[in-house]
A.B. asks: 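The structure's right below; bear with me while I get my questions together.
All values below come from the heavy atoms of this structure, side chains included, with hydrogens, waters and symmetry mates left out. Read the numbers this way: they start at 1 and go in the same order the structure lists the ligands and their atoms.
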Amino acid sequence: MAENELNDCIFCKIAAKQIPSKSVYEDDDVIAFHDINPAAPVHLLIVPKEHIPTLADCDEKHSALLGKMMLLASRLAQEQGIGYVANGEGVGTGGFRTQFNVGPAGGQEVYHIHLHVYGGPRPWRGFR
Ligand code: AMP
Ligand code: ZN
C-alpha cells in the first residue's frame with residue numbers, strides 16, 4: 001500500500017489515533033467505534049487496522065479476520081444493548097443488522113473495509 005494512500009484514508013487515521021472516534025473496542029487487529037452519522041439509535045463500525053479497500057479484495061487469508069469481525073459484531077451488539085439470544089426471549093431491542101457495503105453500487109463511501117452494526121428502536125434511516 002502506498003504511503004500517501006494510507007495517509008488519505010480516514011479509517012487508517014482513526015486506527016492510528018490521528019483523528020478521534022467514539023471507540024467501543026480495540027485490539028491488535030481491529031477497532032470499533034460509533035458511526036459519526038448514525039442511521040440507527042446504535043450504529044457501530046468494525047474496522048480492521050490493516051488497510052483493505054473492500055470485501056472484494058479479501059481472500060482465504062482474510063478468513064480469520066472476517067470471522068473475528070462478525071463475532072465481534074454480536075458481542076458488541078450485546079454490550080450496547082441491541083443483542084439477541086436465539087434460544088430465549090431476546091434481549092435489549094431484540095436484534096441487530098450487520099452489513100458490508102461493497103463498491104459504488106453497494107453504497108460504499110469509505111474504501112477501507114468496515115462492518116456496519118445497526119440496532120435499537122425503529123425507525124432506522126434507509127431501512128424497513
Ligand atoms: P460506507 O458507505 O459503507 O462506506 O460507510 C461509511 C460510513 O463511515 C458512513 O456511515 C459514515 O457516516 C461513516 N464515517 C465517515 N467518517 C467517519 C468518522 N470520522 N467517524 C465515524 N464514522 C465515519
Ligand atoms: Zn485505510
A.B. asks: Mind checking whether Phe33 and Phe11 have ring centres under 6.0 Å apart?
C.D. replies: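 Judged by ring-centre distance (under 6.0 Å), Phe33 and Phe11 do meet the cut-off.
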A.B. asks: Under 4.0 Å from ligand 1, counting heavy atoms only, is it the side chain of Phe11, its backbone, both or neither?
C.D. replies: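 Only the side chain of Phe11 comes within reach of ligand 1.
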A.B. asks: What protein heavy atom sits nearest atom 5 (O) of ligand 1, and how far away is it?
C.D. replies: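 For this ligand atom, the closest protein heavy atom is His114 NE2, 3.1 Å.
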A.B. asks: Give the atom numbers and elements of ligand 1 that come within less than 4.0 Å of a heavy atom of Asn101.
C.D. replies: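 Listed by number with element, the hits are 1 (P), 2 (O), 3 (O).
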A.B. asks: Test your reading of the structure: does His43 have an N or O sitting under 3.5 Å from an N or O of ligand 1?
C.D. replies: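 There is no such contact.
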A.B. asks: I'd like to know whether ligand 1 has Gly107 as a neighbour, heavy-atom separation below 4.0 Å.
C.D. replies: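 So Gly107 counts as touching ligand 1.
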A.B. asks: Would you say the side chains of His116 and His43 form a donor-acceptor pair under 3.5 Å?
C.D. replies: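 The criterion, which ignores hydrogens and geometry beyond distance, is satisfied for His43 and His116.
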A.B. asks: Any non-hydrogen atom of Lys22 lying under 4.0 Å from ligand 1?
C.D. replies: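 Not so, Lys22 does not reach ligand 1.
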A.B. asks: Among the heavy atoms of His116, does any lie under 4.0 Å from an atom of ligand 1?
C.D. replies: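 Yes, His116 has a heavy atom closer than 4.0 Å to ligand 1.
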A.B. asks: So, 4.0 Å and heavy atoms of Phe100: is ligand 1 close enough to count as a contact?
C.D. replies: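 Checking ligand 1 against Phe100, which is what was asked, there is no heavy-atom contact under 4.0 Å.
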A.B. asks: Out of curiosity, Leu45 CG to Gln99 CD, how far, rounded to the nearest 0.5 Å?
C.D. replies: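 Between atom CG of Leu45 and atom CD of Gln99 there are 10.5 Å.
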A.B. asks: For the atoms ND1 of His51 and ND1 of His112, give the angle they form at the Zn ion (ligand 2), rounded to 10 degrees.
C.D. replies: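 Approximately 110° at the metal, rounded to tens of degrees.
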